[in-house]
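The block underneath contains the structure these notes are about, expressed in structure tokens.
For this chain, numbers begin at 1 and follow the sequence in order.
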Amino acid sequence: MAYALVIHGGAGANPAKDYTAQRPHLATLIRRGAVMLASGASALDTVCAVVMEMEASGLYVAGKGSAPNQSGDVELDASLMVGDGQRAGAVACLSGVVHPIAAARAVMEDGKHVMLAGRGADAFVRQHGLETVDEPAVYYRDYENHLPPDGAKNSNGHGTVGAVALDEGGGLAAATSTGGIFNKRAGRVGDTPLIGSGTWADERVAVSATGTGEHFMRTAATHSVAARMAYGGVSLDAACRAVLGEIGDLGGDGGLIAVDRDGNIAMPFNSHGMKRAAVATNRSPIVRIFEPE
């Protein structure tokens, strides 16, 4: 059985910035994920492992690289979904956790709810013994490296990390994590933790989104990809591009990464660039940022 993996580090890539640190990091992660899948790891374990590495790196606007909101607090969002039974878990407005995607997985595996937010999510994290941040003011400093070249902290720049995978058993999974847009209002929730907007997986396809979240929410972007394939019979690539076209018509930008049950891969974007990497049984690892598809 074939495997496939696609990862992204956000569609907020700026042509004026230097991404020499991100390229080798993405290359390392995509190869590590390929080894996992080739060794029989599940799609679920693989996407979680890759996203956790990205959250801990500080190289992307997620986890350690997240920026404070207008109130000076860092609020984190993440979601996870597997195609088998369409099980899902998500957290929103989470604070002080090293791996938001691990919290989303814990919610999914707990099985009682799909999403927890705010203080309830914080309490859940601590009840489950997940790794937390001791000194937020010290830990969350890498966001300064993600600011626009002029250093404007009031920028509405965005960034997210995500991964989608097909394992050798035919399992599909998608995971997405973010610190949200820069200068967001306290309590703002974007598309990332919303199942069907930022993340989707079913028996046909797994999708993760990155971009201006409000537009991805208004189009139910990741579920729309699956629906176009299921009801319209279109290809994976055509479905992703049609959804991005709809988002663009509304004034939004960003990108999608997706893999279907046949191992087809798509990673289109309508922004300046999208930090991304892909690998499959019959496809050598690639890393791209501004290069077109």
Donor-acceptor pair, Ser271 side chain versus Gly273 backbone, under 3.5 Å? yes

Step through the shown structure and confirm whether more than 12 heavy atoms of other residues, nucleotides or ligands are within 6.0 Å of CZ on Arg126. yes

Please name the residue in the list Val97, Val98, Val107 that meets the side-chain contact (heavy atoms from CB on, under 4.5 Å) test with Val125. Val97

Ignoring hydrogens, what is the shortest heavy-atom contact between Met267 and Arg283? Give both atom names and the distance. CE-NH2, 4.0 Å

Those residues that, when tested against His128, pass ring pair (Phe, Tyr, Trp, His ring centres under 6.0 Å) (two or more places apart): Phe124

Test item: Tyr3 and Leu166 side chains (from C-beta on) under 4.5 Å apart, heavy atoms: no

What about Ile286 and Val259, same hydrophobic cluster or not, with Ile/Leu/Val/Met/Phe/Trp/Tyr joined at side-chain heavy-atom distances under 4.5 Å? yes

Which class fits the ring pair Trp200 and His223: parallel under 30°, tilted 30 to 60°, perpendicular over 60°? perpendicular

Nearest heavy-atom pair of Ala13 and Ile289: which atoms, and what distance? CB-CG2, 3.9 Å

If only atom types and distance count, is the side chain of Ser66 paired as donor or acceptor with the main-chain N or O of Val61 below 3.5 Å? no

Residues Thr178 and Thr192: side-chain donor-acceptor under 3.5 angstrom: no

Shortest non-hydrogen contact between Leu37 and Thr46, atoms and distance: CD2-OG1, 3.4 Å

Does the Ser224 side chain pair with the main chain of Ala220, one donor and one acceptor, at a distance under 3.5 Å? no

Before accepting this row, confirm whether a basic side-chain N of the pair Glu246/Arg228 lies closer than 4.0 Å to the acidic partner's carboxylate O. yes

Under 4.5 Å between side-chain heavy atoms, counting indirect links through other Ile/Leu/Val/Met/Phe/Trp/Tyr residues: same cluster for Ile7 and Met52 or not? yes

Run the side chain to side chain contact (heavy atoms under 4.5 Å, CB included) test on Met115 and Leu194 for me, step by step, so that the C-alpha distance in whole Å, both residues' side-chain angles and the decisive distance to 0.1 Å come before the verdict. CA-CA 8 Å; Met115 177 186 283; Leu194 302 185; 3.6 Å; yes

Kindly check if the number of other-residue, nucleotide or ligand heavy atoms within 6.0 Å of CD (Glu291) is above 12? yes

Under a 3.5 Å distance rule, please check whether Gln22 uses its side chain to pair with a backbone N or O of Leu59 as donor and acceptor. yes

Whether Glu214 and Lys184 form a salt bridge (side-chain N of Lys/Arg under 4.0 Å from carboxylate O of Asp/Glu) is what I want to check. no

Is the number of heavy atoms from other residues, nucleotides or ligands within 6.0 Å of CG (Asn264) greater than 12? yes

Ser208 and Thr176: which non-hydrogen atoms are nearest, and at how many Å? OG-OG1, 2.8 Å

Under the 3.5 angstrom rule, does the side chain of Asp142 hit a backbone N or O of Lys64 as a donor-acceptor pair? no

Under a 3.5 Å distance rule, please check whether Arg276 uses its side chain to pair with a backbone N or O of Met274 as donor and acceptor. yes

Where do Glu75 and Asn69 come nearest, in terms of heavy atoms and distance? OE1-ND2, 3.3 Å

Flag the pair Tyr60 / His25 as yes when their ring centroid distance falls below 6.0 Å, and as no otherwise. yes

Would you please say whether a donor-acceptor pair under 3.5 Å links the side chains of Thr20 and Asp18? yes

Looking at every heavy atom in both Val205 and Leu172, which two are closest together, and how far apart are they? N-CD1, 3.5 Å

Given Val74 and Tyr140, is the side chain to side chain contact (heavy atoms under 4.5 Å, CB included) satisfied, shown in steps? CA-CA 8 Å; Val74 175; Tyr140 298 111; 3.8 Å; yes

How far apart are the C-alpha atoms of Leu94 and Asp77, what are their side-chain angles, what is the distance that settles it, and do they pass the side chain to side chain contact (heavy atoms under 4.5 Å, CB included) test? CA-CA 6 Å; Leu94 185 65; Asp77 302 331; over 6 Å; no

Worked verdict on Leu256 versus Leu244 for side chain to side chain contact (heavy atoms under 4.5 Å, CB included): CA-CA 8 Å; Leu256 296 164; Leu244 277 180; 4.2 Å; yes

Does Tyr19 offer a backbone N or O that forms a donor-acceptor pair with the side chain of Arg23 under 3.5 Å? no

Could you tell me if Glu55 and Ser177 have a donor-acceptor pair between their side chains, going purely by distance under 3.5 Å? yes

Salt-bridge present (Asp45, Arg105; N to O < 4.0 Å): yes

Short question: side chain of Ser57, backbone of Met54 - any donor-acceptor pair under 3.5 Å? yes

When you compare the side chain of Arg218 with that of Leu250, does any pair of heavy atoms fall below 4.5 Å? yes

Using ring pair (Phe, Tyr, Trp, His ring centres under 6.0 Å) as the criterion, list what pairs up with Phe216, not counting sequence neighbours. none

Between Met108 and Met81, is any pair of side-chain heavy atoms under 4.5 Å apart? no

Would the distance check show the side chain of Glu203 and the main-chain N or O of Gly83 forming a donor-acceptor pair, the cut-off being under 3.5 Å? no

Is a side-chain N or O of His146 found less than 3.5 angstrom from the main chain of Gly58, in a donor-acceptor match? yes

Do the side chains of Asp253 and Ile247 get nearer than 4.5 Å, heavy atoms only? no

Do Val164 and Leu5 have side chains that get closer than 4.5 Å, going by heavy atoms? no

Joint hydrophobic cluster, Leu44 plus Leu29, side-chain heavy atoms closer than 4.5 Å: yes

Measuring from Thr28:OG1 to Glu53:CD, what's the distance to the nearest 0.5 Å? 9.5 Å

